[in-house]
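This report concerns only the one structure given below.
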Amino acid sequence: MNLRRNARRLLLVGAIAGTMLLTACNPKGDGGSAAAPADSDTLRVGMECDYAPFNWTQTGEEHGYKIAAGGYAGGYDVEIAKKIAESMNKKLEIVKTEWNGLTPAITSGKIDLIIAGMSPTAERKETLDFSDTYYTSDLVIVVKKDSPYVNAKSINDFKGANITGQLNTFHYDVIDQMEGVNKSTALETFPAMIVALRSGKIDGYVSERPGALSAVAANDDLTFVEFSEGNGFKTSVEDTSIAVGVKEGNTELLDKVNAALSKIPEDERQKIMEEAVANQPLGE
């Protein structure tokens, strides 16, 4: 999960991900078959399929795209992946992959691109190359509507609260900026954090605005706290931007991705996000 490291608006998030394995939608999570050759007519894209509204798994075909090993994926990342594949005249193949397995999958050649709400942080740039930004967001904190922290104005108004974020994301790291909070154990997925929040195990979790909008739309007992400038988290542009991950050194593919992204105007990107929020499945 990183815009997340570096993760916008209306309907889900459901149930409970982390090792260094791929889950290509099969029980063993082995990522499916080996990657297609570089000159293949197929573009293999890895994503969690568990981070609405950026990407999710659904049972029906409507508003979705077939996952390599079965089922359907939908969301903002899927629509962006489709446009990139079309621009390259390639067939798109979605490979459902756990968050911690995305980088290993691309470095081992099991996928060609990571399009998964991933931020191009300095740490990630040590092993991956990144495209131009295809989405930018901001950070909020998701809480229950009856939470004593619901009217917080600053990240420092959560003293005593149990706050968490997704494992191996900058969402979890920024909790260190909050004064007096209990930094709870990081959780592997956003659905897992929603379960923990609703059950009272945590008081809130850090999220990008799109993910928070999805959580609130799907759970009428949740809301989120947003912050005015100067009262929120200190983040870099790299943290709050989302880009496509490419295997280090593959400049030819990176150039093609950037060329495809340059053809998607900002208003169209916002429209795609709005549709993703509206189309996400509820309770599947």
Side-chain angles (χ1 to χ4, degrees), residues 1-7 17-23 29 31 35 44-51 54-55 76-77 80-81 95-141 155 163-178 181 183-190 192-193 205-212 232-251 253-255 257-258 261:
M1 94 175 182
N2 252 265
L3 200 111
R4 241 161 309 38
R5 264 92 28 294
N6 314 6
T19 68
M20 298 287 285
L21 300 174
L22 273 69
T23 62
R44 305 192 68 192
V45 175
M47 61 182 68
E48 289 174 278
C49 301
D50 200 14
Y51 182 45
F54 287 97
N55 53 77
Y76 185 81
D77 290 331
I80 294 298
V95 182
K96 184 176 180 179
T97 308
E98 292 184 7
W99 178 256
N100 281 346
L102 287 168
T103 297
I106 203 166
T107 54
S108 67
K110 292 182 177 179
I111 59 176
D112 303 305
L113 301 175
I114 297 172
I115 305 181
M118 180 175 281
S119 299
T121 63
E123 181 180 2
R124 290 199 184 94
K125 286 181 176 179
E126 293 178 359
T127 54
L128 298 172
D129 287 338
F130 284 93
S131 71
D132 297 333
T133 298
Y134 69 87
Y135 199 82
T136 302
S137 186
D138 59 329
L139 296 181
V140 299
I141 298 179
I155 60 172
I163 304 295
T164 192
Q166 188 183 23
L167 181 68
N168 294 329
T169 71
F170 92 107
H171 293 177
Y172 190 64
D173 296 338
V174 297
I175 297 173
D176 294 335
Q177 299 178 26
M178 304 175 72
V181 304
K183 188 176 183 180
S184 299
T185 302
L187 297 176
E188 294 175 339
T189 67
F190 278 80
M193 288 188 284
Y205 68 85
V206 180
S207 172
E208 292 161 21
R209 184 182 298 270
F233 296 102
K234 295 179 180 178
T235 60
S236 67
V237 174
E238 288 181 341
D239 285 336
T240 55
S241 298
I242 293 176
V244 178
V246 179
K247 188 172 184 178
E248 189 174 27
N250 194 339
T251 56
L253 180 55
L254 183 62
D255 289 344
V257 170
N258 282 332
L261 292 176

Inter-residue atom distance S207.OG - L139.CG, 0.5 Å rounding: 8.0 Å
Close side-chain approach of E48 and F190, heavy atoms under 4.5 Å: no
Interatomic distance, I242 atom CD1 to T136 atom OG1 [nearest 0.5 angstrom]: 7.5 Å
Neighbour count above 12 (heavy atom, 6.0 Å) for E123 CD: no
Distance (rounded to the nearest 0.5 Å) between T235 OG1 and H171 NE2: 9.5 Å
Inter-residue atom distance M178.CE - I163.CD1, 0.5 Å rounding: 4.5 Å
Pairwise side-chain contact, F54 with M47, heavy-atom cut-off 4.5 Å (strictly under): no
By side chain to side chain donor-acceptor pair (under 3.5 Å) - contacts of S236 (at least two apart): D239
4.5 Å side-chain heavy-atom contact, V181 and I155: no
Residue list, side chain to side chain contact (heavy atoms under 4.5 Å, CB included) with N258, at least two apart or on another chain: S131, D132, L254, L261
Sequence neighbours excluded - salt bridge (charged side-chain N to carboxylate O under 4.0 Å, His left out) pairs with any residue from residues 169-178: D176-K183
Test item: Y205 side-chain N/O and A186 main-chain N/O as donor-acceptor pair under 3.5 Å: no
Non-hydrogen side-chain atoms of S137 and T240 separated by less than 4.5 Å: no
Which residues share a side chain to side chain contact (heavy atoms under 4.5 Å, CB included) with E248, sequence neighbours left out: D129
Spacing of CG belonging to L128 relative to CD belonging to E126, to within rounding of 0.5 Å: 10.5 Å
Over all atoms of both residues, closest heavy-atom pair of I175 and G165: CD1-N, 3.8 Å
Backbone of V45 reached by a side-chain donor or acceptor of D112 within 3.5 Å: no
Side-chain (T164) to main-chain (T185) donor-acceptor, under 3.5 angstrom: yes
Side chain to side chain donor-acceptor pair (under 3.5 Å) partners of Y134, counting only residues at least two apart: D77
Spacing of I111 atom CD1 and L102 atom CG [to the nearest 0.5 Å]: 5.5 Å
Student check: side-chain heavy atoms of K110 and V95 closer than 4.5 Å: no
Steps toward side-chain contact (heavy atoms from CB on, under 4.5 Å) verdict (V246, L113): CA-CA 5 Å; V246 179; L113 301 175; 3.6 Å; yes
Considering all heavy atoms, the nearest T107-T127 contact: CG2-O, 4.3 Å
Under 3.5 Å donor-acceptor, S241 side chain and E238 backbone: no
Heavy-atom pair of closest approach, residues P120 and F130: CB-CG, 3.5 Å
Non-hydrogen side-chain atoms of W99 and E188 separated by less than 4.5 Å: no
